[in-house]
Amino acid sequence: MPPGADAPASPWSDVERIAVGRSAGGDIVVIGLDHGSEVARRPLTAAEFPAWVAQREHEAGPRGVRWVWPSTAAWYPRLLDAGVRVTKAHDLRLCHAILRDAVPAATALVAATAWDAPDAEEGSSPGALFDLDPGPAAHRDDLDGVLAEIARQDDAAARAVDPARMRLLLAAESAGSLVAAEMRAAGVPWSAERHARILEETLGRRRGDGTPERMAELAAEVRVRLGDPSLAIDSPARLLAALRRAGIRVTSTSRWELRDVDHPAIAPLLAYKKLARLLTANGWAWLDEWVHDGRFRPLYLPGGVVTGRWATSGGGALQLPRRLREALRADDGWRIVSADVAQLEPRVLAAMARDTRMADAARGRDLYEGIVATGAVAHRSEAKVAMLGAMYGATTGDAGRLVPRLRRAFPAAMAAVDGAAATGEAGGVVSTWLGRTSPGVDPGWAAAARSAGASAEAERRVRAARRDRGRFTRNFIVQGTAAEWALAWLADLRLRLAALPPTEGPAAAASGPAFARRAHIAYFLHDEVIVHAPADRADEAAQAIRDASASAGRLLFGSFPLDFRLDLAIRDDAAK
DNA sequence: GGAAACGGCGCG
DNA sequence: AAAGCGCGCCGTTTCC
């Protein structure tokens, strides 16, 4: 069944496409791609480009324009810096990667190697003195190359297993690239003062040597209680040796193993590790490096994870400790509107597997409570551990014991993940709902499989590798489809927010010219979004988040009767 | 002396 | 020492 066979037309389809590249002389060149386009091939200087884009968007009206460019990361920031946003894009680099893997028949894509290179690092900007080789990322800008790649991708999308779904995926991935660039431009509103206060409350003041007081005290305590005055507590190997000398039988120094040990050194050690983690990951050095003018500006990498999830580069934006979220504060006269999806992955699994029993369990309530209500398990915590176990491939422990109950209660959903695992174990490729494919097996796989009988050890390794891969493909279809839902959510949300009128209240100057007066997405973490909204637009922004989640569900899964519930809050930081 | 691997832990 | 997926980043250790 096509996605949303009975769903509204994609909000991302049927718009004017304009290709963007560079001439041999280095000028920016734009050219309309549609039959009879009014946009003839036209050179523009870098100075002219933003205004021309803005004018074209204006003329196109609410549907906007789809800008087909080599990479959003390379082209969009300069528009945003000029205060210009675009409606839609097609990111050739990101879409190349998807199509290359998902449509093996499109052999022309496999050969087009310049499109496989990552975007140039921000630091090594083009034009850096002595930089003789501009790198593959720059070669991609050549307009003739751009047009050739567009032709290859159009052809490949048409040959996809399901062209409609694939085009949706390409549009969603590209929309994600716009959101990523916009979030970087606007930044996460971050109070360095709050952050520093949390650090000092938790770690203590910094001593002369830079070590925080509280950490130094805890380290000293550990040394005393282990009877090892010179212990290098930050070295796992030495710490392990010291623990064993003290008669503590552990095989590693990780928290989950130390947790159960009864010894006076353990409590201060665990406390120390907790503080050390905060200091090294998000301490004063992080604050100095990453927060400026009240904003944290991470570099997001859409499609950076095999499943289609985003990654980040630098700053660890996707690993911010929960307790530091207190430092995420709205500007004066603005609000933080935050929303996260309740049980996104199980819901996505229910929808993609067309499991109406699981959808019934999920509708209008906490999905885990719904599972309890079916009688499959007795408690919410069991439902959760069983569900996670089903999606991750647990075989032992509580999860392994509970998964069979889910298999009986929700055969359709479980058949989907079990089938994906079986395909993976056999060396096959699986795909998400919209058609992103899992990586194939590496060349060593077949050779290893042949050697399976060679020895008991080889046999064991091959079996383990098969099971590992099965767990990966099992999870891939769920995590990857959840990432697609989230992209659809973001894509729809950014257009809804862009349609809200600008505030008449105070501007958020640090969010840059494109967003200083408008509600904008400030943070995204797999199944959670934070919007920075002017106070007079906060309610509308919250509604936009809800509406976008409903749209995303319809876009991917049509009328399949399942809701995606949100936990949503509008926070007034001034009131706290 | 720098790159890569490792142990550990933060997030979903 | 992980049973059970996907990441990034830190400090230490090891390798070249």
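Each chain gets a letter, A, B and so on, in the order its sequence line appears, and its residues count up from 1.
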Next item on the list: For dA5(B) and dA3(C), measure between their C1' atoms and round to the nearest Å.
Entry: 24 Å

Notebook entry, point to check: How far does the P atom of dG8(C) sit from the matching atom of dG4(C), given to the nearest Å?
Noted result: 23 Å

Can you tell me which nucleotide in [options] comes closest to the side chain of [X]?
X	options	answer
V305(A)	dG4(C), dT13(C), dC7(C)	dC7(C)
H526(A)	dG4(C), dG11(C), dG12(B)	dG12(B)
P236(A)	dT12(C), dG6(C), dG12(B)	dT12(C)
L525(A)	dG6(C), dG12(B), dG8(B)	dG12(B)

Just to be sure I understand the rule, does [X] reach a base, reach only the sugar-phosphate, or reach nothing, if contact means heavy atoms closer than 4.0 Å?
X	value
G315(A)	sugar-phosphate
L320(A)	sugar-phosphate
W256(A)	base
V306(A)	sugar-phosphate
G393(A)	sugar-phosphate
R474(A)	nothing
S235(A)	sugar-phosphate

Does this structure show an ion pair linking [X] with [Y], if we count only N-O contacts that are shorter than 4.0 Å?
X	Y	result
D116(A)	R93(A)	no
D101(A)	R436(A)	no
R463(A)	E459(A)	yes
E200(A)	R205(A)	yes
R461(A)	E457(A)	yes

Using atom [atom1] of [X] as one end and atom [atom2] of [N] as the other, report the distance to the nearest whole Å.
X	N	atom1	atom2	result
Y523(A)	dC11(B)	OH	C1'	7 Å
L301(A)	dG12(B)	CG	P	19 Å
Y300(A)	dC7(C)	OH	P	19 Å
D527(A)	dG6(C)	CG	C1'	13 Å
L240(A)	dT13(C)	CG	C1'	14 Å
L388(A)	dG6(C)	CG	C1'	13 Å
L318(A)	dC5(C)	CG	P	20 Å
Q479(A)	dG12(B)	CD	P	13 Å

Checklist line | Given DNA chain C, 5'-ward residue of the pair D234(A) and V385(A), judged by closest heavy atom | finding: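 Checking each residue's closest nucleotide, the 5'-ward one belongs to V385(A).
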
Check: Mapping S252(A) and T280(A) onto DNA chain C by nearest heavy atom, which one lands closer to the 5' end?
Finding: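 Going by which nucleotide is closer to the 5' end, it is S252(A).
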
Does [X] make a side-chain N or O approach to OP1 or OP2 of [N] shorter than 4.0 Å?
X	N	result
R471(A)	dC5(C)	yes
R309(A)	dC11(B)	no
K273(A)	dG8(B)	no
K274(A)	dG10(B)	yes
T253(A)	dG8(B)	yes

Next item on the list: On the 0 to 90° scale, with breaks at 30° and 60°, tag the W433(A)-F557(A) ring pair as parallel, tilted or perpendicular.
Entry: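 Taking F557(A) first and then W433(A), their aromatic rings sit tilted (interplane angle of 30° to 60°).
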
Notebook entry, point to check: Should the ring pair W485(A) and W489(A) be called parallel, tilted or perpendicular, given that the plane angle runs from 0 to 90° and is split at 30 and 60?
Noted result: tilted

Item checked: Any N/O donor-acceptor pair, R322(A) side-chain to dG10(B) base, under 3.5 Å -> no

Note to self: Would the base of dC9(B) count as contacting R255(A) through its side chain, where contact means a donor and an acceptor less than 3.5 Å apart?
What the structure shows: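 Absent.
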
Next item on the list: Scan every strand shown for a Watson-Crick or G-U wobble partner of dG8(C), both distances under 3.5 Å, and answer none if you come up empty.
Entry: dC9(B)

